[in-house]
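What you see below is based on every heavy atom in this structure, not just the backbone, and it leaves out hydrogens, waters and symmetry mates. Both ligands and their constituent atoms are indexed starting at 1 by order of listing.
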Amino acid sequence: MKSEILKLLRETDGYVSGQQISEKFGVSRTAVWKVIRQLQEDGYQVEAVRNKGYHIVGSPDVMTREELESQMKTRWAGKNIMYYAVADSTNLRVRQLGDEGAPHGTLAVADRQTDGRGRRGRSWESPEGSSIYMSILLRPEIAPDKAPMLTLVMACSVAEALRMCVESFGDAQVQIKWPNDIIINGKKLAGILTEMSAQVDYINHVTVGVGINVNMEEFPEELRQTATSLRLECGHTVKRATIIARIMERFEENYDKFLHTEDMTELMESYTSMLVNRDREVRILGAKEQYQAHALGINRTGELIVRRADGTEEAVYAGEVSVRGVYGYV
Ligand code: BTN
């Protein structure tokens, strides 16, 4: 009931009376008052005025189930929420939830991770209180070789949502570094790690994990040149639950577009418009060779199309190569 009352307070302009709340949820006015007290103890600023009722004027930067539920406007993405103050890794939590039969769209969110994982076996710095660590469980009925595209679907959704949530980044804008790093001003803001439990021809479930640097004010020395946060880029703090809710909305819509064609056809325009590598010189780092090429954009299956110095064009696959800018990370 806490989430529902929170949602009602949020969606009401001005005051909502204790009587209205108790009638809507079929509970006593004392029960309503107790929930309001709990919300105040949790850090919500709820004004209580005699003969008028309750009015919410401020909320804490928390990602609890109640806070997320009160902001979620989706049908299935992030409807079943697991919140952990501390988790080893939300990807690991979701994998386990998937094995135990949790529904499609289940979302695990943590305030801190003790075993945060990045791509290519790297670790992901996961201090408490300032970042988003979340993973969504998907049960797509597609061939396993199509699952890597879900990473691009999420990249598109995260970039779109961040552009919606933060009104201004000055002259800079959130972009995607192919295939799935979210960047701004040449530095990494967010990363995505997709993992799959599958048989040769059948997907059990897919976990798409997202880590976003939101309100961090500084980074460890070794990351300072390549990592940044929303706070550092836009100059003010941003509520993490709002970002999560917007990402879930964008993801739900984009996932449906992806399933429609089982590829990036309907998302190519949005993805390409945010692609930082488009029309840039890049270094392709493969296991067998490294070369410089001109990046043109992505194809329908999410590969990066590049033109080599001799004019030949080819599609490079994210699982096989990584891409760097000629002068640095981007
Ligand atoms: C990358 O290397 O760019 C991917 C980083 C992905 C980090 C997120 S944080 C939430 C989820 N849980 C993890 O352990 N990793 C992902």
(message) Among all the protein's non-hydrogen atoms, which is closest to atom 5 (C) of ligand 1, and how far away is it?
(response) W124 CE3, 3.4 Å

(request) Inspect the contact between K7 and E4 and indicate whether a charged nitrogen and a carboxylate oxygen are less than 4.0 angstrom apart. (result) no

(request) Starting from atom 2 (O) of ligand 1, locate the nearest protein heavy atom and write down its residue, its atom name and how far away it is, to 0.1 Å. (result) R119 N, 2.7 Å

(message) Within ligand 1, which atoms have a heavy atom of S135 less than 4.0 Å away?
(response) 11 (C)

(request) Just need the protein heavy atom nearest to atom 3 (O) of ligand 1, so name the residue and atom and give the distance. (result) K188 NZ, 2.6 Å

(request) Would you kindly confirm whether L68 and L137 end up in one hydrophobic cluster when ILVMFWY residues are joined by side chain heavy atoms under 4.5 Å apart? (result) no

(message) Side chain, backbone, both or neither: which applies to L92 and ligand 1 if a contact is any heavy-atom pair less than 4.0 Å apart?
(response) neither

(request) Just need the protein heavy atom nearest to atom 10 (C) of ligand 1, so name the residue and atom and give the distance. (result) T90 OG1, 3.2 Å

(request) Could you tell me whether K188 and D181 make a salt bridge, using a distance below 4.0 angstrom between a side-chain N and a carboxylate O? (result) yes

(message) Any side-chain to backbone donor/acceptor pair from D115 onto S89? Under 3.5 Å, distance only.
(response) no

(message) Looking at R246 and E249, is there a salt bridge between them, counting it only when a charged N and a carboxylate O are closer than 4.0 Å?
(response) yes

(message) Counting non-hydrogen protein atoms only, what is the nearest one to atom 12 (N) of ligand 1? Give residue, atom name and distance.
(response) Q113 OE1, 2.9 Å

(request) State the atoms of ligand 1, each with its element, that fall below the 4.0 Å cut-off from a heavy-atom position in I192. (result) 3 (O), 4 (C)

(request) Have a look at K177, R117, M134 and point out the one with the heavy atom closest to atom 14 (O) of ligand 1. (result) R117

(message) Run the side-chain contact (heavy atoms from CB on, under 4.5 Å) test on F219 and L232 for me, step by step, so that the C-alpha distance in whole Å, both residues' side-chain angles and the decisive distance to 0.1 Å come before the verdict.
(response) CA-CA 11 Å; F219 285 87; L232 289 173; 3.8 Å; yes

(message) Under 4.0 Å between a side-chain nitrogen and a carboxylate oxygen: does that hold for K257 and E269?
(response) no

(request) Check each atom of ligand 1 against the heavy atoms of S89 and keep those under 4.0 Å away; list them by number with element. (result) 12 (N), 13 (C), 14 (O)

(request) Could you label the plane-to-plane angle of the W76 and F251 rings as parallel, tilted or perpendicular, counting under 30° as parallel and over 60° as perpendicular? (result) perpendicular

(message) Hydrophobic clusters here meaning ILVMFWY residues chained together by side-chain heavy-atom distances under 4.5 Å, can you tell me if I243 and V166 are in one?
(response) yes

(message) What protein heavy atom lies closest to atom 8 (C) of ligand 1? Include the residue and the distance to one decimal.
(response) G211 N, 3.5 Å

(request) Just jot down the ligand 1 atoms closer than 4.0 angstrom to any heavy atom of G116, in number order. (result) 14 (O)

(message) Is the contact between V210 and ligand 1 made by the side chain, the backbone, both, or neither, using heavy atoms and a 4.0 Å cut-off?
(response) backbone

